[in-house]
S.K.: 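Dropping the structure in here first, questions after.
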2 protein chains.
Amino acid sequence: MSIQGDKPTTIKEIAKKLKISPSTVSRALNDHPSIGLVTTMRVKKVAEELNYEPNQTAIFFKQRKTFTIGVLLPSLSEPFFSSAISEIENVSNDRKYTVIMGQSLDDAEREERILKTFKSHRVDGVLMSVGKNTTNLEFLEKLENSGTPIVFFDCVPDIPKINKVESDLATGMNEAIDAFVARGHAKIALINGPQLLPASEERKNSFLSALKRNGLDYDEKYIVNTDLTTEGNEAAMEKLYALPERPTAVVSFNDFVTLDVMKAARNRGLVLNHDIHFISYANYPLWKYMENPPMGCIEQFPGNQAKKAAEILFEKINNPDLAPQQIVFKSRLIM
Amino acid sequence: MSIQGDKPTTIKEIAKKLKISPSTVSRALNDHPSIGLVTTMRVKKVAEELNYEPNQTAIFFKQRKTFTIGVLLPSLSEPFFSSAISEIENVSNDRKYTVIMGQSLDDAEREERILKTFKSHRVDGVLMSVGKNTTNLEFLEKLENSGTPIVFFDCVPDIPKINKVESDLATGMNEAIDAFVARGHAKIALINGPQLLPASEERKNSFLSALKRNGLDYDEKYIVNTDLTTEGNEAAMEKLYALPERPTAVVSFNDFVTLDVMKAARNRGLVLNHDIHFISYANYPLWKYMENPPMGCIEQFPGNQAKKAAEILFEKINNPDLAPQQIVFKSRLIM
DNA sequence: TTGTACGCGTTATCAC
DNA sequence: GTGATAACGCGTACAA
């Protein structure tokens with residue numbers, strides 16, 4: 001119930017109380033070697049008493065360094081990004097850095113606005129995964145020549161000389177097709193995302209090459225697309241179901257799609273893991289609890305990706321002349 | 001490829017270029033009415049050219065206001081908190097506020113350290129859900145009389161006169177027991193969390209009163225505890241399984257527990273939704289995809305809670321004299 | 001070992 | 001309508 005005012009203590013007040021100069025207080029507080037032990041102790045004692053806490057806003061301002069990084073992701077609620085955030089917070093916390101966050105919700109305008117905010121906050125670096133609808137990459141240039149290091153991960157722009165950490169979707173796809181083939185499947189389908197999405201493009205290409213690698217023919221009817229809505233997912237499954245030569249094995253775009261299509265398959269009377277088999281690009285292992293989970297899933301290690309990206313960012317912050325880092329994490333089939 | 005230096009443009013440079021004073025530039029940039037239209041336009045044009053962006057660190061420093069709130073949660077990767085974060089980011093973004101984040105991981109020391117960081121960043125307010133192991137609430141006092149408004153949500157300290165948004169677990173529990181009873185169940189068990197957890201205490205109490213309300217006897221063997229590890233969860237299920245009068249209906253602490261115990265039940269040969277029925281305190285609706293989901297789940301609306309908490313915080317920030325707000329969200333059974 | 005003086009970028013206050 | 005000046009809290013080069 002103290003009538004403790006709202007104004008935080010400053011070094012000046014400590015100085016006045018001790019009848020010494022503010023600079024001495026400053027140095028004492030920072031354990032500057034030139035200050036006598038007694039003085040240092042006296043200063044610290046009074047600082048404690050007065051509940052002194054350094055005003056970081058002043059320090060940030062003066063030092064032109066904020067010990068803060070900005071993290072900009074498409075979404076903060078998706079499990080993939082949650083694991084990422086968690087790792088980023090850990091790495092940052094270890095290094096005494098603070099994290100400010102924003103979600104673009106795949107809105108390019110919002111994305112740019114948040115980036116601007118980060119910049120005006122003078123963050124020491126930016127970690128970001130680009131939204132699906134971002135086409136204009138000017139902001140990048142602006143950021144870069146403002147000297148703020150930036151590291152992309154997961155969804156990265158296709159530009160040379162930037163720092164990025166991404167996932168190689170092909171390795172997991174290869175393993176998936178191999179696994180299907182090893183079990184005797186020949187009619188293998190792909191339920192892909194929206195056609196214009198780079199992530200879809202990549203899945204398609206690696207799907208085709210994995211088929212080829214296994215000596216299988218490609219039938220274009222076996223690639224269907226979904227707009228990632230539940231309706232779209234179900235429609236995609238319907239298309240496959242309607243085929244005269246129904247596929248017995250399916251690789252699907254991601255968890256959410258897989259959940260929908262598996263349900264749709266069940267509703268059509270197909271017996272999971274008997275009539276039809278699924279492998280999903282997956283973000284988290286919830287499958288183990290299901291009675292009929294997908295046959296396998298392709299793990300992209302969002303936590304690891306984010307962690308690595310954060311580490312690169314901190315390297316860059318401490319050594320701006322570092323050459324651009326480009327890391328690729330292999331995706332892996334988990335069964 | 002411009003040799004654009006690393007130093008951001010300041011109003012001084014704009015002033016020099018235009019041969020006017022920095023104050024005029026400042027006023028022009030802020031659309032101050034006393035500045036002539038022509039001057040204002042000229043200033044804005046040059047600012048644009050020079051890629052001027054206000055240095056918030058300087059503004060924060062001067063204004064003693066950071067337009068930043070700190071959000072401290074036990075975990076950033078749990079779905080419950082992810083939805084919360086997402087809503088908080090939305091509300092903050094709407095109000096032009098920035099969010100800095102930290103996760104305590106239920107470590108009281110880390111929690112306090114992060115809070116200290118928030119404070120030294122001079123955040124305008126704090127939003128927090130208290131960790132499981134936090135016993136010492138001194139930090140709260142310190143924060144409060146430093147004038148920083150703080151709003152708790154989900155896991156809130158049991159103290160009067162603070163701002164909090166919490167969930168009433170009893171309403172959902174009542175509906176759950178009613179639903180079980182309506183379906184003829186009499187042997188109803190509770191798989192609860194660690195005994196010392198307030199959340200467990202609350203579940204237990206509402207379980208007991210819901211039983212009573214339905215004229216059912218309470219058998220202490222029907223309440224088992226888990227430490228929330230997979231092993232603990234399985235052990236809890238085993239205890240129930242071993243009972244001579246096995247329960248036919250179970251309310252379980254949360255999603256993760258439910259997943260484990262349902263699996264354990266299946267492994268014991270019990271047929272879900274026939275031999276044994278589950279209702280779970282649930283954070284997100286993934287159940288609809290399962291072949292044998294729980295009979296129902298008790299939704300706590302983390303997104304709504306967080307949104308309301310954020311709104312209260314912003315009210316507090318704008319009007320510090322506002323009386324403490326205490327909101328309770330009723331939990332609801334979803335079937 | 002300690003004090004003095006200055007500057008970081010911005011805005012409020014006062015003067016013209 | 002515009003300019004000069006001070007101030008926010010801190011760190012540090014320079015002086016003593």
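Predicted, not measured: the structure shown is a model, and the values here were computed from it. The chains referred to below are lettered A, B, ... by the order of the sequence lines, with proteins before strands, and numbering in each begins at 1. Computed from heavy atoms alone, side chains included, the values below leave out hydrogens, waters and symmetry copies.
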S.K.: Walk along DNA chain D from 5' to 3' and tell me the first and last nucleotide with an atom closer than 4.0 Å to a non-hydrogen atom of chain A.
M.R.: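 Answer, 5' to 3': D/dC8 to D/dA13.
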S.K.: Less than 4.5 Å apart, side chain to side chain, heavy atoms only: is that true for B/M101 and A/V71?
M.R.: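 Not touching, per the 4.5 Å side-chain cut-off.
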S.K.: Which donor-acceptor pairs under 3.5 Å do side chains of residues 36-44 of chain B form with protein atoms, sequence neighbours excluded?
M.R.:
{"residue": "B/T40", "atom": "OG1", "partner": "B/G36", "partner atom": "O", "Å": "2.8"}
{"residue": "B/K44", "atom": "NZ", "partner": "B/D31", "partner atom": "OD1", "Å": "2.8"}
{"residue": "B/K44", "atom": "NZ", "partner": "B/D31", "partner atom": "OD2", "Å": "3.3"}

S.K.: Ring pair (Phe, Tyr, Trp, His ring centres under 6.0 Å): which pairs involve residues 109-134 of chain A, sequence neighbours left out?
M.R.: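 Qualifying pairs: A/H121-B/F60.
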S.K.: Considering only residues two or more places apart or on different chains, which pairs with a residue in residues 8-26 of chain B satisfy salt bridge (Lys or Arg N to Asp or Glu O under 4.0 Å)?
M.R.: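 Listed once each, the pairs would be none.
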S.K.: With sequence neighbours left out, what residues match B/E109 under salt bridge (Lys or Arg N to Asp or Glu O under 4.0 Å)?
M.R.: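 Here no residue qualifies.
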S.K.: Could you list all the salt bridge (Lys or Arg N to Asp or Glu O under 4.0 Å) pairs where at least one residue sits in residues 112-130 of chain B, not counting sequence neighbours?
M.R.: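 Only A/E53-B/K119, B/K65-B/D124 qualify under salt bridge (Lys or Arg N to Asp or Glu O under 4.0 Å).
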S.K.: If we fit an axis to the first five pairs and another to the last five of the helix from C/dT1-D/dA16 to C/dC16-D/dG1, what angle do they make, to the nearest 10°?
M.R.: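 Taking the rotation axis at each end, their angle is 50°.
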S.K.: Tell me, please, which residues at least two apart from A/T57 pass side chain to side chain donor-acceptor pair (under 3.5 Å).
M.R.: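 Here the qualifying residues are A/N55.
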S.K.: Could you encode protein contacts along nucleotides 5-11 of chain C as a string, one character per nucleotide from 5' to 3', using B for base contact, S for sugar-phosphate-only contact and - for no contact, with a heavy-atom cut-off of under 4.0 Å?
M.R.: --BBBBB
S.K.: Sequence neighbours left out, what pairs pass salt bridge (Lys or Arg N to Asp or Glu O under 4.0 Å) with at least one residue falling in residues 82-98 of chain A?
M.R.: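 Output for this query lists A/E89-B/R110.
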S.K.: Could you tabulate the donor-acceptor pairs under 3.5 Å formed by side-chain atoms of residues 301-318 of chain A, not counting sequence neighbours?
M.R.:
{"residue": "A/Q305", "atom": "OE1", "partner": "A/D154", "partner atom": "N", "Å": "3.3"}
{"residue": "A/Q305", "atom": "NE2", "partner": "A/Q300", "partner atom": "O", "Å": "3.0"}
{"residue": "A/K316", "atom": "NZ", "partner": "A/L322", "partner atom": "O", "Å": "2.5"}
{"residue": "A/N318", "atom": "ND2", "partner": "A/F314", "partner atom": "O", "Å": "3.1"}

S.K.: Quick one, which residues of residues 32-42 of chain B touch DNA chain D with a heavy atom under 4.0 Å?
M.R.: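 B/S34, B/I35, B/G36, B/T39 - these, ordered by number, are the residues of the stretch whose heavy atoms sit under 4.0 Å from the strand.
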S.K.: Which heavy-atom pair separates B/L72 from B/S104 by the least distance, and what is that distance?
M.R.: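 That closest heavy-atom pairing would be CD1-N, 3.9 Å.
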S.K.: Taking A/H32's backbone N and O only, do any of them form a donor-acceptor pair with A/N30's side chain (distance below 3.5 Å, no angle check)?
M.R.: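 Side chain of A/N30 to backbone of A/H32: no pair is present.
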S.K.: Is the side chain of A/N163 donor-acceptor paired with the backbone N or O of A/I150 at a distance under 3.5 Å, no angle test?
M.R.: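 It does hold such a pair.
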